[in-house]
2 protein chains.
Amino acid sequence: MAGDASLSSSEFPDPGHDHDACRDQAIDRAERLCAGQGARLTPQRREVLELLLAAHQALGAYEIMEGIDWGGRKPAPVVVYRALDFLMELGLVHRLASVNAYVACGHAGEAHGARFLICTDCRTVAEVTSPGIADALVGEAERRGFAVGQLTIEISGVCPHCRGAADG
Amino acid sequence: MAGDASLSSSEFPDPGHDHDACRDQAIDRAERLCAGQGARLTPQRREVLELLLAAHQALGAYEIMEGIDWGGRKPAPVVVYRALDFLMELGLVHRLASVNAYVACGHAGEAHGARFLICTDCRTVAEVTSPGIADALVGEAERRGFAVGQLTIEISGVCPHCRGAADG
DNA sequence: CATATAATGTAATATCATAACAATTCAAGA
DNA sequence: TCTTGAATTGTTATGATATTACATTATATG
(Lines give C-alpha, C1' and ligand atoms only; values in the text may rest on other atoms or scores of the structure.)
Protein backbone atom coordinates (compact mmCIF):
# COMPACT_ATOMS: atom_id res chain seq x y z
CA MET A 1 0.00 0.00 0.00
CA ALA A 2 1.07 3.54 -0.64
CA GLY A 3 1.56 5.60 2.47
CA ASP A 4 1.33 9.34 2.93
CA ALA A 5 4.97 10.29 3.12
CA SER A 6 5.67 8.58 -0.17
CA LEU A 7 3.54 11.10 -1.97
CA SER A 8 5.85 14.03 -1.45
CA SER A 9 8.28 13.28 -4.23
CA SER A 10 5.57 12.63 -6.72
CA GLU A 11 3.10 15.39 -6.03
CA PHE A 12 2.46 18.23 -8.39
CA PRO A 13 5.13 20.80 -7.75
CA ASP A 14 3.80 23.70 -5.81
CA PRO A 15 3.67 26.75 -8.08
CA GLY A 16 5.50 28.69 -5.40
CA HIS A 17 8.41 26.34 -4.92
CA ASP A 18 12.04 27.18 -5.60
CA HIS A 19 12.45 26.40 -9.27
CA ASP A 20 16.13 27.28 -9.41
CA ALA A 21 17.11 24.99 -6.60
CA CYS A 22 15.17 22.09 -7.95
CA ARG A 23 16.58 22.61 -11.42
CA ASP A 24 20.15 22.84 -10.13
CA GLN A 25 19.65 19.69 -8.17
CA ALA A 26 18.37 17.87 -11.20
CA ILE A 27 21.24 19.11 -13.34
CA ASP A 28 23.64 17.91 -10.68
CA ARG A 29 22.09 14.49 -10.77
CA ALA A 30 22.20 14.47 -14.55
CA GLU A 31 25.88 15.31 -14.56
CA ARG A 32 26.70 12.57 -12.12
CA LEU A 33 24.66 10.12 -14.14
CA CYS A 34 26.48 11.05 -17.34
CA ALA A 35 29.87 10.90 -15.68
CA GLY A 36 29.05 7.46 -14.38
CA GLN A 37 28.23 6.23 -17.86
CA GLY A 38 30.88 7.96 -19.86
CA ALA A 39 28.21 10.01 -21.58
CA ARG A 40 28.72 13.67 -22.38
CA LEU A 41 26.21 16.22 -21.26
CA THR A 42 27.22 18.75 -23.89
CA PRO A 43 26.00 22.35 -23.83
CA GLN A 44 23.24 21.63 -26.33
CA ARG A 45 21.92 18.69 -24.43
CA ARG A 46 22.24 20.51 -21.18
CA GLU A 47 20.34 23.46 -22.54
CA VAL A 48 17.43 21.29 -23.62
CA LEU A 49 17.37 19.59 -20.25
CA GLU A 50 17.47 22.88 -18.38
CA LEU A 51 14.66 24.25 -20.45
CA LEU A 52 12.50 21.26 -19.63
CA LEU A 53 13.43 21.37 -15.98
CA ALA A 54 12.63 25.05 -15.73
CA ALA A 55 9.30 24.55 -17.45
CA HIS A 56 8.09 21.80 -15.14
CA GLN A 57 5.83 21.12 -18.06
CA ALA A 58 5.58 18.96 -21.08
CA LEU A 59 6.97 20.82 -24.06
CA GLY A 60 6.73 19.90 -27.70
CA ALA A 61 9.96 19.57 -29.65
CA TYR A 62 9.20 22.70 -31.60
CA GLU A 63 8.41 24.60 -28.45
CA ILE A 64 11.82 23.62 -27.17
CA MET A 65 13.32 24.95 -30.38
CA GLU A 66 11.56 28.23 -29.83
CA GLY A 67 12.80 28.34 -26.29
CA ILE A 68 16.41 28.18 -27.32
CA ASP A 69 18.30 31.16 -28.60
CA TRP A 70 21.78 30.83 -30.04
CA GLY A 71 22.70 34.40 -30.69
CA GLY A 72 19.47 35.16 -32.48
CA ARG A 73 19.23 31.82 -34.25
CA LYS A 74 17.08 28.82 -33.47
CA PRO A 75 18.38 25.28 -33.64
CA ALA A 76 17.06 23.04 -36.41
CA PRO A 77 14.49 20.44 -35.38
CA VAL A 78 16.95 17.62 -35.69
CA VAL A 79 19.20 19.25 -33.16
CA VAL A 80 16.47 19.21 -30.58
CA TYR A 81 15.44 15.67 -31.41
CA ARG A 82 19.01 14.49 -31.07
CA ALA A 83 19.31 16.06 -27.67
CA LEU A 84 16.00 14.55 -26.64
CA ASP A 85 17.06 11.12 -27.84
CA PHE A 86 20.21 11.35 -25.80
CA LEU A 87 18.37 12.50 -22.71
CA MET A 88 15.71 9.84 -23.07
CA GLU A 89 18.36 7.19 -23.47
CA LEU A 90 19.63 8.13 -20.04
CA GLY A 91 16.17 8.38 -18.59
CA LEU A 92 16.54 12.09 -17.92
CA VAL A 93 13.61 12.94 -20.14
CA HIS A 94 10.43 11.09 -20.99
CA ARG A 95 8.23 11.33 -24.01
CA LEU A 96 4.54 11.70 -23.36
CA ALA A 97 2.95 9.90 -26.26
CA SER A 98 -0.57 11.06 -25.57
CA VAL A 99 0.36 14.70 -26.04
CA ASN A 100 3.41 14.47 -28.32
CA ALA A 101 5.55 16.20 -25.78
CA TYR A 102 8.62 15.78 -23.61
CA VAL A 103 9.15 16.23 -19.93
CA ALA A 104 12.17 16.20 -17.66
CA CYS A 105 12.31 13.30 -15.30
CA GLY A 106 12.32 13.87 -11.58
CA HIS A 107 13.87 10.54 -10.68
CA ALA A 108 16.46 9.86 -13.35
CA GLY A 109 17.47 6.28 -13.70
CA GLU A 110 14.46 4.77 -11.99
CA ALA A 111 12.19 5.18 -14.99
CA HIS A 112 10.70 1.89 -13.97
CA GLY A 113 6.95 1.77 -13.67
CA ALA A 114 6.45 5.49 -13.80
CA ARG A 115 3.22 7.07 -14.79
CA PHE A 116 2.37 10.62 -15.63
CA LEU A 117 -0.42 12.90 -14.56
CA ILE A 118 -0.76 15.58 -17.19
CA CYS A 119 -2.70 18.75 -16.52
CA THR A 120 -4.53 19.81 -19.65
CA ASP A 121 -4.83 23.30 -18.25
CA CYS A 122 -1.33 24.34 -17.25
CA ARG A 123 0.41 21.34 -18.82
CA THR A 124 2.30 20.64 -15.64
CA VAL A 125 3.27 17.01 -15.35
CA ALA A 126 3.60 14.95 -12.21
CA GLU A 127 5.59 11.80 -12.41
CA VAL A 128 4.36 9.15 -10.07
CA THR A 129 6.21 5.97 -9.30
CA SER A 130 4.33 3.17 -7.70
CA PRO A 131 5.79 -0.22 -8.47
CA GLY A 132 2.69 -1.96 -7.21
CA ILE A 133 0.43 -0.98 -10.04
CA ALA A 134 3.13 -1.27 -12.68
CA ASP A 135 3.97 -4.75 -11.46
CA ALA A 136 0.34 -5.73 -11.54
CA LEU A 137 0.06 -4.62 -15.16
CA VAL A 138 3.25 -6.30 -16.21
CA GLY A 139 2.47 -9.46 -14.31
CA GLU A 140 -0.93 -9.74 -15.83
CA ALA A 141 0.40 -9.22 -19.33
CA GLU A 142 3.03 -11.87 -18.77
CA ARG A 143 0.48 -14.31 -17.50
CA ARG A 144 -1.05 -14.00 -20.94
CA GLY A 145 2.23 -14.94 -22.50
CA PHE A 146 3.06 -11.39 -23.50
CA ALA A 147 6.70 -10.34 -23.17
CA VAL A 148 6.50 -6.81 -21.85
CA GLY A 149 8.77 -4.21 -23.36
CA GLN A 150 7.61 -0.72 -22.67
CA LEU A 151 4.89 0.52 -20.42
CA THR A 152 3.00 3.73 -21.17
CA ILE A 153 0.70 5.06 -18.51
CA GLU A 154 -0.55 8.60 -18.95
CA ILE A 155 -3.44 10.23 -17.20
CA SER A 156 -4.81 13.51 -18.52
CA GLY A 157 -6.91 15.74 -16.36
CA VAL A 158 -6.79 18.84 -14.24
CA CYS A 159 -4.21 19.30 -11.51
CA PRO A 160 -5.03 20.43 -7.98
CA HIS A 161 -3.77 23.98 -8.53
CA CYS A 162 -5.77 24.56 -11.68
CA ARG A 163 -8.82 23.02 -10.08
CA GLY A 164 -8.46 25.35 -7.16
CA ALA A 165 -8.05 28.35 -9.42
CA ALA A 166 -11.10 27.42 -11.45
CA ASP A 167 -13.72 26.43 -8.92
CA GLY A 168 -12.30 26.77 -5.47
CA MET B 1 -7.96 -24.78 -32.68
CA ALA B 2 -8.70 -21.80 -30.50
CA GLY B 3 -8.16 -22.23 -26.82
CA ASP B 4 -10.48 -21.67 -23.90
CA ALA B 5 -13.56 -19.70 -24.71
CA SER B 6 -13.30 -17.77 -21.45
CA LEU B 7 -10.16 -15.99 -22.51
CA SER B 8 -11.31 -15.21 -26.00
CA SER B 9 -12.47 -11.68 -25.41
CA SER B 10 -9.23 -10.41 -24.00
CA GLU B 11 -6.60 -12.77 -25.36
CA PHE B 12 -4.59 -12.19 -28.44
CA PRO B 13 -6.66 -13.47 -31.29
CA ASP B 14 -5.47 -16.82 -32.49
CA PRO B 15 -3.90 -16.39 -35.92
CA GLY B 16 -6.02 -19.26 -37.13
CA HIS B 17 -9.38 -17.97 -35.94
CA ASP B 18 -12.30 -17.13 -38.19
CA HIS B 19 -11.67 -13.51 -39.15
CA ASP B 20 -14.80 -13.15 -41.23
CA ALA B 21 -17.13 -14.27 -38.50
CA CYS B 22 -15.53 -12.05 -35.91
CA ARG B 23 -15.58 -9.08 -38.25
CA ASP B 24 -19.22 -9.61 -39.15
CA GLN B 25 -20.09 -9.85 -35.51
CA ALA B 26 -18.34 -6.60 -34.77
CA ILE B 27 -19.99 -4.86 -37.69
CA ASP B 28 -23.33 -6.05 -36.44
CA ARG B 29 -22.63 -4.60 -33.05
CA ALA B 30 -21.49 -1.36 -34.61
CA GLU B 31 -24.68 -1.07 -36.61
CA ARG B 32 -26.83 -1.65 -33.59
CA LEU B 33 -24.84 0.89 -31.64
CA CYS B 34 -25.25 3.50 -34.38
CA ALA B 35 -28.94 2.79 -34.76
CA GLY B 36 -29.36 3.22 -31.04
CA GLN B 37 -27.73 6.63 -31.13
CA GLY B 38 -29.12 7.99 -34.34
CA ALA B 39 -25.65 7.96 -35.83
CA ARG B 40 -25.06 6.92 -39.40
CA LEU B 41 -22.55 4.23 -40.23
CA THR B 42 -22.04 5.43 -43.79
CA PRO B 43 -20.15 3.35 -46.37
CA GLN B 44 -16.96 5.33 -45.83
CA ARG B 45 -17.04 4.90 -42.11
CA ARG B 46 -18.00 1.31 -42.42
CA GLU B 47 -15.15 0.65 -44.80
CA VAL B 48 -12.61 2.09 -42.40
CA LEU B 49 -14.04 0.05 -39.56
CA GLU B 50 -14.02 -3.14 -41.60
CA LEU B 51 -10.45 -2.57 -42.60
CA LEU B 52 -9.41 -2.21 -38.99
CA LEU B 53 -11.44 -5.20 -37.91
CA ALA B 54 -9.99 -7.36 -40.63
CA ALA B 55 -6.48 -6.28 -39.76
CA HIS B 56 -6.71 -7.11 -36.05
CA GLN B 57 -3.84 -4.73 -35.91
CA ALA B 58 -3.08 -1.14 -35.22
CA LEU B 59 -2.95 0.73 -38.52
CA GLY B 60 -1.72 4.24 -39.15
CA ALA B 61 -4.14 6.64 -40.78
CA TYR B 62 -2.12 6.63 -43.96
CA GLU B 63 -2.02 2.87 -44.01
CA ILE B 64 -5.78 2.90 -43.83
CA MET B 65 -5.80 5.26 -46.80
CA GLU B 66 -3.64 2.83 -48.73
CA GLY B 67 -5.92 -0.01 -47.81
CA ILE B 68 -8.94 1.65 -49.35
CA ASP B 69 -9.58 1.61 -53.06
CA TRP B 70 -12.37 3.66 -54.58
CA GLY B 71 -12.22 2.62 -58.19
CA GLY B 72 -8.50 3.19 -58.44
CA ARG B 73 -8.44 6.28 -56.26
CA LYS B 74 -7.38 6.69 -52.67
CA PRO B 75 -9.28 8.82 -50.20
CA ALA B 76 -7.66 12.02 -48.97
CA PRO B 77 -6.19 11.93 -45.47
CA VAL B 78 -8.95 14.06 -44.07
CA VAL B 79 -11.51 11.53 -45.20
CA VAL B 80 -9.87 8.84 -43.15
CA TYR B 81 -9.45 11.09 -40.14
CA ARG B 82 -13.08 12.07 -40.27
CA ALA B 83 -14.13 8.46 -40.30
CA LEU B 84 -11.77 7.70 -37.43
CA ASP B 85 -13.09 10.62 -35.41
CA PHE B 86 -16.61 9.37 -35.87
CA LEU B 87 -15.69 5.83 -34.93
CA MET B 88 -13.72 6.94 -31.89
CA GLU B 89 -16.59 9.10 -30.77
CA LEU B 90 -18.69 5.96 -30.60
CA GLY B 91 -15.93 3.95 -29.01
CA LEU B 92 -15.68 1.63 -31.98
CA VAL B 93 -12.07 2.53 -32.57
CA HIS B 94 -9.28 3.58 -30.26
CA ARG B 95 -6.20 5.60 -30.93
CA LEU B 96 -2.94 4.14 -29.68
CA ALA B 97 -0.90 7.17 -28.78
CA SER B 98 2.35 5.32 -28.28
CA VAL B 99 2.44 4.13 -31.88
CA ASN B 100 0.35 6.77 -33.66
CA ALA B 101 -2.10 4.19 -34.84
CA TYR B 102 -5.72 3.15 -34.65
CA VAL B 103 -7.32 -0.11 -33.71
CA ALA B 104 -10.87 -1.46 -33.82
CA CYS B 105 -12.43 -1.98 -30.44
CA GLY B 106 -13.52 -5.41 -29.40
CA HIS B 107 -16.00 -4.22 -26.79
CA ALA B 108 -17.63 -1.13 -28.18
CA GLY B 109 -19.19 1.16 -25.67
CA GLU B 110 -17.35 -0.14 -22.64
CA ALA B 111 -14.19 1.79 -23.39
CA HIS B 112 -13.84 2.18 -19.66
CA GLY B 113 -10.51 1.25 -18.17
CA ALA B 114 -9.22 -0.54 -21.21
CA ARG B 115 -5.58 -1.10 -21.84
CA PHE B 116 -3.76 -2.31 -24.86
CA LEU B 117 -1.08 -4.90 -25.39
CA ILE B 118 0.71 -4.05 -28.60
CA CYS B 119 2.95 -6.56 -30.32
CA THR B 120 5.93 -4.79 -31.84
CA ASP B 121 6.48 -7.76 -34.10
CA CYS B 122 3.16 -8.40 -35.82
CA ARG B 123 1.46 -5.27 -34.52
CA THR B 124 -1.50 -7.23 -33.30
CA VAL B 125 -3.30 -5.51 -30.46
CA ALA B 126 -5.11 -7.10 -27.57
CA GLU B 127 -7.55 -4.98 -25.67
CA VAL B 128 -7.80 -5.92 -22.05
CA THR B 129 -10.43 -4.61 -19.72
CA SER B 130 -9.86 -4.88 -16.04
CA PRO B 131 -11.65 -2.23 -14.03
CA GLY B 132 -9.65 -3.07 -10.95
CA ILE B 133 -6.38 -1.64 -12.13
CA ALA B 134 -7.98 1.30 -13.90
CA ASP B 135 -9.89 2.17 -10.76
CA ALA B 136 -6.75 1.93 -8.70
CA LEU B 137 -5.00 4.38 -11.01
CA VAL B 138 -7.89 6.79 -11.14
CA GLY B 139 -8.49 6.55 -7.42
CA GLU B 140 -4.91 7.25 -6.62
CA ALA B 141 -4.79 10.24 -8.94
CA GLU B 142 -7.92 11.64 -7.37
CA ARG B 143 -6.53 11.19 -3.91
CA ARG B 144 -3.85 13.61 -5.03
CA GLY B 145 -6.48 16.11 -6.01
CA PHE B 146 -6.16 15.40 -9.71
CA ALA B 147 -9.40 15.38 -11.72
CA VAL B 148 -8.96 12.49 -14.09
CA GLY B 149 -9.98 12.96 -17.68
CA GLN B 150 -8.49 10.40 -19.97
CA LEU B 151 -6.52 7.31 -19.16
CA THR B 152 -3.90 5.94 -21.52
CA ILE B 153 -2.44 2.54 -20.76
CA GLU B 154 -0.41 0.91 -23.50
CA ILE B 155 2.02 -1.94 -23.16
CA SER B 156 4.42 -2.72 -25.98
CA GLY B 157 6.09 -6.07 -26.24
CA VAL B 158 5.93 -9.37 -28.04
CA CYS B 159 2.75 -11.39 -28.22
CA PRO B 160 2.55 -15.12 -27.46
CA HIS B 161 2.38 -16.12 -31.10
CA CYS B 162 5.41 -14.14 -32.19
CA ARG B 163 7.30 -15.34 -29.14
CA GLY B 164 6.51 -18.88 -30.09
CA ALA B 165 7.54 -18.32 -33.65
CA ALA B 166 10.80 -16.73 -32.64
CA ASP B 167 12.15 -18.97 -29.92
CA GLY B 168 10.20 -22.17 -29.88
C1' DC C 1 50.31 13.80 -34.43
C1' DA C 2 47.22 10.30 -36.33
C1' DT C 3 43.13 8.25 -36.08
C1' DA C 4 38.61 6.63 -34.80
C1' DT C 5 34.46 7.79 -32.62
C1' DA C 6 31.16 10.99 -31.19
C1' DA C 7 28.81 15.20 -31.83
C1' DT C 8 27.15 18.98 -34.64
C1' DG C 9 25.60 21.71 -38.94
C1' DT C 10 22.59 22.03 -42.72
C1' DA C 11 19.19 20.95 -46.09
C1' DA C 12 15.77 18.28 -47.56
C1' DT C 13 12.03 15.35 -46.86
C1' DA C 14 8.94 11.99 -44.62
C1' DT C 15 4.97 11.28 -41.67
C1' DC C 16 0.91 12.52 -39.11
C1' DA C 17 -3.06 15.61 -38.69
C1' DT C 18 -6.14 19.65 -39.38
C1' DA C 19 -8.21 23.99 -41.57
C1' DA C 20 -11.13 26.12 -44.77
C1' DC C 21 -14.70 26.17 -47.79
C1' DA C 22 -17.59 24.41 -51.55
C1' DA C 23 -20.76 20.78 -52.97
C1' DT C 24 -23.82 17.17 -52.00
C1' DT C 25 -26.88 14.12 -49.48
C1' DC C 26 -30.30 13.18 -46.09
C1' DA C 27 -34.14 13.53 -42.86
C1' DA C 28 -38.09 15.76 -41.53
C1' DG C 29 -41.63 19.25 -41.53
C1' DA C 30 -44.66 22.56 -44.30
C1' DT D 1 -43.52 17.34 -53.19
C1' DC D 2 -40.88 21.09 -51.93
C1' DT D 3 -37.96 23.28 -48.86
C1' DT D 4 -34.90 23.82 -45.50
C1' DG D 5 -31.34 22.92 -42.09
C1' DA D 6 -28.03 19.67 -40.56
C1' DA D 7 -24.85 16.18 -41.58
C1' DT D 8 -21.71 14.32 -44.72
C1' DT D 9 -18.43 14.37 -48.41
C1' DG D 10 -15.00 16.48 -51.89
C1' DT D 11 -10.97 19.08 -52.63
C1' DT D 12 -7.02 21.79 -51.79
C1' DA D 13 -3.87 23.55 -48.96
C1' DT D 14 -1.31 23.82 -44.86
C1' DG D 15 0.22 22.92 -40.11
C1' DA D 16 2.67 19.99 -36.79
C1' DT D 17 5.78 16.39 -35.71
C1' DA D 18 9.86 13.70 -36.81
C1' DT D 19 13.63 11.58 -39.62
C1' DT D 20 17.24 10.89 -43.42
C1' DA D 21 21.39 11.92 -45.52
C1' DC D 22 25.65 13.62 -45.68
C1' DA D 23 29.28 17.00 -44.75
C1' DT D 24 31.94 19.02 -41.00
C1' DT D 25 33.93 19.66 -36.50
C1' DA D 26 35.23 18.27 -31.84
C1' DT D 27 37.07 14.92 -28.53
C1' DA D 28 39.52 11.14 -26.62
C1' DT D 29 43.15 7.83 -27.18
C1' DG D 30 47.28 5.44 -28.84
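Below, chains carry the letters A, B, ... as their sequence lines are ordered, and counting in each starts from 1. Worth knowing before you read on, the calculation uses all heavy atoms, side chains too, and leaves out hydrogens, waters and symmetry mates.
- Linking ILVMFWY residues whenever their side-chain heavy atoms come closer than 4.5 Å, directly or via other members, places B/Ile68 and B/Leu87 in the same cluster.
- A straight line from CD of A/Gln37 to P of D/dA28 spans 17 Å, rounded to a whole angstrom.
- In this structure, SG in A/Cys34 is found 4.0 Å from CZ in A/Phe86, a value given to the nearest 0.5 Å.
- Between the C1' atom of D/dA7 and the CG atom of B/Asp85 lies a distance of 15 Å, rounded to the nearest Å.
- Taking atom CD on A/Glu63 and atom C1' on D/dG15, their separation rounds to 14 Å, with Å as the unit.
- In terms of hydrophobic clustering, with Ile, Leu, Val, Met, Phe, Trp and Tyr side chains grouped at heavy-atom distances under 4.5 Å, A/Val125 and A/Ile133 are assigned to different clusters.
- For the pair A/Val99 and B/Pro43, nearest-nucleotide mapping onto DNA chain D gives the more 5' position to B/Pro43.
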From CA spacing to verdict: side-chain contact (heavy atoms from CB on, under 4.5 Å), A/Leu52, A/Leu84:
CA-CA 10 Å; A/Leu52 284 171; A/Leu84 289 172; 4.1 Å; yes
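- Atom OH of A/Tyr102 and atom P of D/dA16 are 16 Å apart (whole Å).
- For A/Tyr102 and A/His94, the gap between ring centers reaches or exceeds 6.0 Å.
- Rounded to whole angstrom, the span from the CE atom of B/Met88 across to the P atom of C/dC16 amounts to 15 Å.
- Considering every non-hydrogen atom in both A/Met65 and A/Pro75, the closest pair reads CE-O, 3.3 Å.
- Criterion: ILVMFWY side-chain heavy atoms under 4.5 Å apart, direct or through other members. Under it, A/Met88 and A/Tyr62 are part of a common hydrophobic cluster.
- Contact between B/Leu33 and B/Leu90 at its shortest, heavy atoms only, is CD2-O, 3.5 Å.
- Put simply, A/Arg82 has no side-chain N or O that comes within less than 4.0 Å of OP1 or OP2 on D/dA18.
- Each of A/Phe12 and A/Ile118 belongs to its own hydrophobic cluster when Ile, Leu, Val, Met, Phe, Trp and Tyr are linked at side-chain heavy-atom distances under 4.5 angstrom.
- Residues from residues 49-62 of chain A with heavy atoms under 4.0 angstrom of DNA chain C: there are none.
- Residue B/Asn100 places at least one side-chain N or O under 4.0 Å from the OP1 or OP2 atom of C/dA17.
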What nitrogen or oxygen pairs link the protein and nucleotides 4-7 of chain C at under 3.5 Å?
residue: C/dA7; atom: OP1; partner: A/Arg45; partner atom: NH1; Å: 3.1
residue: C/dA7; atom: O5'; partner: A/Arg45; partner atom: NH2; Å: 3.4

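- Distance, A/Met65 CE to D/dA16 C1': 11 Å, rounded to whole Å.
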Side chain to side chain donor-acceptor pair (under 3.5 Å) between A/Ser98 and A/Glu154: does it pass, once the steps are laid out?
CA-CA 7 Å; A/Ser98 65; A/Glu154 299 174 16; 2.4 Å; yes
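- In terms of heavy atoms, A/Glu66 sits closest to A/Lys74 at O-NZ, 3.0 Å.
- Scanning residues 72-81 of chain B for heavy-atom distances under 4.0 Å to DNA chain C yields B/Val78, B/Tyr81.
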